[in-house]
Peer 1: 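So that we are looking at the same thing, I have put the structure below in structure tokens.
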Amino acid sequence: MSTLLIRHARVLVTMDAQRREIADGAVFIRDNVIEQVGPGADLPDHADSIIDATGQVVVPGLINSHQHMFQSLTRAVPAAQDAALFDWLGHLYPIWAGLTPAMIHASTRTAMAELMLSGCTTTSDHLYIFPNGCRLDDSIEAAQTIGMRFHAARGAMSVGQSQGGLPPDRLVEDEAAILRDTQRLIETYHDSRRHAMQRIVVAPCSPFSVSQDLMRESARLARSYGVSMHTHLAENSSDVTYSREKFNMTPAEYAEDCGWVGHDVWHAHCVQLDPAGIALFARTGTGVAHCPCSNMRLASGIAPVRAMLDHGVAVGLGVDGSASNDGAHLLGEVRQAMLLQRVGFGPAAMTAREALEMATLGGAKVLNRDDIGALAPGMSADVVMFDMDQIGYAGALHDPVAALVFCTPTNVSHSVINGRVVVRDGRCVTVDLGVVRERHNRLAAELVG
């Protein structure tokens, strides 16, 4: 058994039941589990490995609850720079039709490296397009090599333009084949144990790209295996209009009708979730992945996150696709979440600590996990450290925790995932970023043309 001691933190943010913030704090890890947390003087002074966190804020690993990693190949594509959601998708679907397994693998490694450097230790990825032999297995293999805790969401599109859906017919799949492959992935990769590094999520893409039958059958499949469910919902006003015209229901009513509410379900965006929908989600324990940068980029609106939290809805944060955000910096998403709520609902609409909590405990709750999101005995050993001795934090050290959110986002100095150091002194140690970047740029140029 191996031990790791992180000590002398300027502030240790536990996110435990008491929300303790410990000066000169320390974390003692045995193998992949946190064993002790507290003031340094109360913890062991030796371990197999020691990280000196002097001058650093130590926080639970951040949790990314929604992303499309393949989209990092199409950041800032000119044709899609100034479009709302449906037109944006219309520009990009033909490009994504050229995706290959190598591109899925490369884009996953790029996105995960970017996330890890930003403080993320657990991520979900919603892969819903499978041309040219692409499989979710390509993403899973990439995650295993880089060392991220991964909830791999098997997305799907089954209703093409000829049937009134948004995607081109050549990009949709047969529904029976979708369900068979989803079952295969669950049986092959899903790990339901505590501290699991790999889980599978059942995730039809959206109400405008799959049938009601697939939504219902997917829910039955997920619940027969005890896995979580994820989809897009109420992202913008066009999404709401489609739901009313196609199903004669609001998005929330449609989700409930299909069996897509409950503690095992979380929906991405919910920018246009109405008060009745918020009440439904609160009553049923249904979660939301809030993606502020993407919502601003596509002019989708300001999600009513303050109202969701006040009603008890579980809300996590997501960076969304890197073609609708053009970045995957999760600490930056924390900052934007706080600022956007203030734009919409006033200067006290969200505090820095509330935003940080969404990225930790909130993300854990929407992913239906109780072993991540906090630094406490028995929790998974996912810990990140931010060095406050940087010019961007000068003058903010009277409240270094708030400074993490208010000031310009920085990268981590160290990151530990499942007890393993994956970033040391600001450098990824599980991959060669130069090689990752070069391959990614080459494949992106090949895809976009």
Peer 1: Does the ring centre of F281 sit less than 6.0 Å away from the ring centre of H267?
Peer 2: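 Under 6.0 Å, so yes.
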
Peer 1: Under a 3.5 Å cutoff, is there a donor and acceptor pairing between the side chains of S237 and Q272?
Peer 2: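 Absent: no donor and acceptor within the cut-off.
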
Peer 1: Could you check whether any side-chain heavy atom of L12 comes within less than 4.5 Å of a side-chain heavy atom of V27, counting everything from C-beta outward?
Peer 2: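 Yes. Closest side-chain heavy atoms under 4.5 Å.
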
Peer 1: Applying side-chain contact (heavy atoms from CB on, under 4.5 Å), run through S65 and S124 and close with a yes or a no.
Peer 2: CA-CA 5 Å; S65 60; S124 179; 5.6 Å; no

Peer 1: Backbone N or O of D264 within a donor-acceptor pair of the N368 side chain at under 3.5 Å?
Peer 2: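 It does not hold such a pair.
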
Peer 1: Does atom CZ (R424) have a neighbourhood of more than 12 heavy atoms from anything else shown, all under 6.0 Å?
Peer 2: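 12 or below, so no.
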
Peer 1: If you apply the rule ring-ring contact (aromatic ring centres under 6.0 Å, His included), what do you find for F70 with F130, and how did you get there?
Peer 2: CA-CA 11 Å; F70 72 89; F130 297 92; 9.1 Å; no

Peer 1: Salt-bridged, R193 to D191, with N to O below 4.0 Å?
Peer 2: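 Yes, this pair counts.
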
Peer 1: Any salt bridge between E114 and R75, counting N to O under 4.0 Å?
Peer 2: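 Judged by the 4.0 Å cut-off on N to carboxylate O distance, E114 and R75 do form a salt bridge.
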
Peer 1: Would you please say whether a donor-acceptor pair under 3.5 Å links the side chains of Y225 and Q183?
Peer 2: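 Judged by distance alone, the side chains do pair up.
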
Peer 1: I would like to know whether L127 and I104 meet side-chain contact (heavy atoms from CB on, under 4.5 Å); could you show each step before the answer?
Peer 2: CA-CA 9 Å; L127 180 59; I104 297 297; 3.9 Å; yes

Peer 1: Would you call the rings of H232 and H269 parallel, tilted or perpendicular if under 30° counts as parallel and over 60° as perpendicular?
Peer 2: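 Judged by the thresholds at 30° and 60°, the geometry between H232 and H269 is parallel.
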
Peer 1: Does a side-chain N-to-carboxylate-O contact under 4.0 Å join E357 and R353?
Peer 2: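 So E357 does not pair with R353 through a salt bridge.
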
Peer 1: Would you find a donor on one side and an acceptor on the other, under 3.5 Å apart, between the side chain of R199 and the backbone of S192?
Peer 2: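 Yes.
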
Peer 1: Write down the atom of L115, the atom of T123, and the distance for their closest heavy-atom approach.
Peer 2: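 That would be CD1-OG1, 3.6 Å.
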
Peer 1: Students often mix this up, so state it plainly: with edges at 30° and 60°, are the rings of W96 and Y93 parallel, tilted or perpendicular?
Peer 2: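 Perpendicular: the ring planes of W96 and Y93 meet at over 60°.
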
Peer 1: With rounding to the nearest 0.5 Å, note down the distance linking CG in L340 to NE2 in H290.
Peer 2: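 Result: 5.5 Å between the selected atoms.
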
Peer 1: Starting from the C-alpha separation in whole Å, work towards a yes-or-no answer on side-chain contact (heavy atoms from CB on, under 4.5 Å) for V305 and M358.
Peer 2: CA-CA 10 Å; V305 173; M358 284 198 298; 3.8 Å; yes

Peer 1: How close do V423 and V429 get, heavy atom to heavy atom, and via which atoms?
Peer 2: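 That closest heavy-atom pairing would be N-CG2, 4.3 Å.
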
Peer 1: Got R109 and H440 here, is their nearest side-chain heavy-atom distance under 4.5 Å?
Peer 2: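 A side-chain contact under 4.5 Å is absent here.
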
Peer 1: What are the two closest heavy atoms between F406 and R335, and how far apart are they?
Peer 2: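 Answer, listing the atom of F406 first, then R335: O-NE, 3.1 Å.
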
Peer 1: I'd like to know if D370 and K365 make a salt bridge, using a cut-off of under 4.0 Å between side-chain N and carboxylate O.
Peer 2: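 No, no charged N to carboxylate O under 4.0 Å.
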
Peer 1: A side-chain contact here means heavy atoms from C-beta on lying under 4.5 Å apart; do V383 and P60 qualify?
Peer 2: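 No, too far: nothing below the 4.5 Å cut-off.
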
Peer 1: I need the L233 CG to S206 OG distance, nearest 0.5 Å.
Peer 2: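 Answer for the CG-OG pair, L233 versus S206, is 9.5 Å.
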
Peer 1: With a 6.0 Å cut-off (strictly less than), is the heavy-atom count around CG of N248, excluding the residue itself, greater than 12?
Peer 2: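 Counting other residues, nucleotides and ligands, CG of N248 stays at 12 neighbours or fewer.
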
Peer 1: Can a salt bridge be assigned to the pair R184 and D137 using a cut-off of 4.0 Å between side-chain N and carboxylate O?
Peer 2: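 So R184 pairs with D137 through a salt bridge.
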
Peer 1: Salt-bridge test for R220 and E217: reply yes if a basic N is under 4.0 Å from a carboxylate O, no otherwise.
Peer 2: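 Salt bridge between R220 and E217, a charged N being under 4.0 Å from a carboxylate O: yes.
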
Peer 1: Decide yes or no for F386 and V384: does some side-chain heavy atom of the first lie under 4.5 Å from some side-chain heavy atom of the second?
Peer 2: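 In short, these two side chains touch, coming nearer than 4.5 Å.
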
Peer 1: So that I can tick it off, tell me whether D382 and R149 are bridged by a salt bridge, with the cut-off set at under 4.0 angstrom between side-chain N and carboxylate O.
Peer 2: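 Yes, charged N to carboxylate O under 4.0 Å.
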
Peer 1: Specify the closest pair of heavy atoms between S158 and S211, including all atoms of both residues, with the distance to one decimal.
Peer 2: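 In terms of heavy atoms, the two residues are closest at OG-N, 3.6 Å.
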
Peer 1: Under 3.5 Å, side chain of S294 to main-chain N/O of C291, donor-acceptor pair present?
Peer 2: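 Side chain of S294 to backbone of C291: no pair is present.
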
Peer 1: Run Q198 and H151 through side-chain contact (heavy atoms from CB on, under 4.5 Å) and show every step you take.
Peer 2: CA-CA 6 Å; Q198 176 64 62; H151 284 229; over 6 Å; no

Peer 1: Between D138 and R135, is the closest basic N to carboxylate O distance under 4.0 Å?
Peer 2: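 No salt bridge links R135 with D138.
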
Peer 1: Please check this pair: side chain of H329 against backbone of G332, looking for a donor-acceptor N/O pair closer than 3.5 Å.
Peer 2: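 Yes, the answer is positive, given that a donor and an acceptor are paired below the 3.5 Å cut-off.
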
Peer 1: Which pairs pass ring pair (Phe, Tyr, Trp, His ring centres under 6.0 Å) with one or both residues in residues 172-215, sequence neighbours excluded?
Peer 2: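 Residue pairs passing ring pair (Phe, Tyr, Trp, His ring centres under 6.0 Å), neighbours aside: F86-F208.
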
Peer 1: What I want to find out is whether D389 reaches R10 closely enough, with some N-O distance under 4.0 Å, to be called a salt bridge.
Peer 2: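 Looking at D389 and R10, the cut-off is met.
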
Peer 1: Do you know which of Q56, Q390, R427 makes side-chain hydrogen bond (donor to acceptor under 3.5 Å, both in side chains) with S413?
Peer 2: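 For S413, the side-chain hydrogen bond (donor to acceptor under 3.5 Å, both in side chains) test succeeds with only one of Q56, Q390, R427, which is Q56.
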
Peer 1: Counting C-beta onward and ignoring hydrogens, is there a side-chain heavy-atom pair between M15 and L356 closer than 4.5 Å?
Peer 2: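 With C-beta onward as the side chain, the pair touches.
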
Peer 1: Calculate, to the nearest 0.5 Å, the distance between atoms CG and OG belonging to L4 and S49 respectively.
Peer 2: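 OG of S49 is found 6.0 Å from CG of L4.
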
Peer 1: In chain order, what residues pass the ring-ring contact (aromatic ring centres under 6.0 Å, His included) check against W260, with sequence neighbours excluded?
Peer 2: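 Listed in chain order: nothing, the list is empty.
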
Peer 1: Once you round to the nearest 0.5 Å, how far does OG1 of T121 lie from CD1 of I372?
Peer 2: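 Interatomic distance, T121 OG1 to I372 CD1, rounded to 0.5 Å: 6.5 Å.
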
Peer 1: What's the spacing between L443 CG and H105 NE2 if we round to 0.5 Å?
Peer 2: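 L443 atom CG to H105 atom NE2 measures 11.5 Å (nearest 0.5 Å).
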
Peer 1: Could you tell me whether the side chains of N325 and E333 share a donor-acceptor contact shorter than 3.5 Å?
Peer 2: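 Short answer, yes.
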
Peer 1: Write down the atom of A219, the atom of M229, and the distance for their closest heavy-atom approach.
Peer 2: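 Taking A219 first and M229 second, the nearest heavy atoms are CB-CE, 3.4 Å.
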
Peer 1: Walk me through whether R216 and D257 qualify under salt bridge (Lys or Arg N to Asp or Glu O under 4.0 Å).
Peer 2: CA-CA 9 Å; R216 292 180 177 128; D257 183 70; 2.5 Å; yes

Peer 1: Check this for me: does any side-chain nitrogen of one of E354 and R306 sit under 4.0 Å from a carboxylate oxygen of the other?
Peer 2: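 Between R306 and E354 there is a salt bridge, with a charged N closer than 4.0 Å to a carboxylate O.
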
Peer 1: Evaluate the side-chain proximity of S218 to M215: yes if any heavy-atom separation is below 4.5 Å, no if none is.
Peer 2: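 No; the side chains remain at least 4.5 Å from each other.
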
Peer 1: Assess the residue pair R154 and E173 against the criterion (salt bridge (Lys or Arg N to Asp or Glu O under 4.0 Å)); give the C-alpha distance rounded to whole Å, side-chain angles, the decisive distance to 0.1 Å, and a yes or no.
Peer 2: CA-CA 12 Å; R154 204 301 184 182; E173 299 176 86; 2.9 Å; yes

Peer 1: Which heavy-atom pair separates D169 from S162 by the least distance, and what is that distance?
Peer 2: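 Here D169 and S162 meet closest at OD2-OG, 2.8 Å.
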
Peer 1: Roughly how far apart are I63 CD1 and L361 CG, rounded to 0.5 Å?
Peer 2: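 Going from CD1 on I63 over to CG on L361, the span is 7.5 Å.
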
Peer 1: Within the structure provided, determine whether N64 and T122 are in side-chain contact (heavy-atom separation under 4.5 Å).
Peer 2: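 No, side chains not in contact.
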
Peer 1: Do S324 and D320 have a side chain donor and acceptor closer than 3.5 Å?
Peer 2: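 Short answer, yes.
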
Peer 1: With a 4.5 Å cut-off on side-chain heavy atoms, are L166 and M157 touching?
Peer 2: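 Heavy-atom side-chain distance check fails, nothing below 4.5 Å.
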
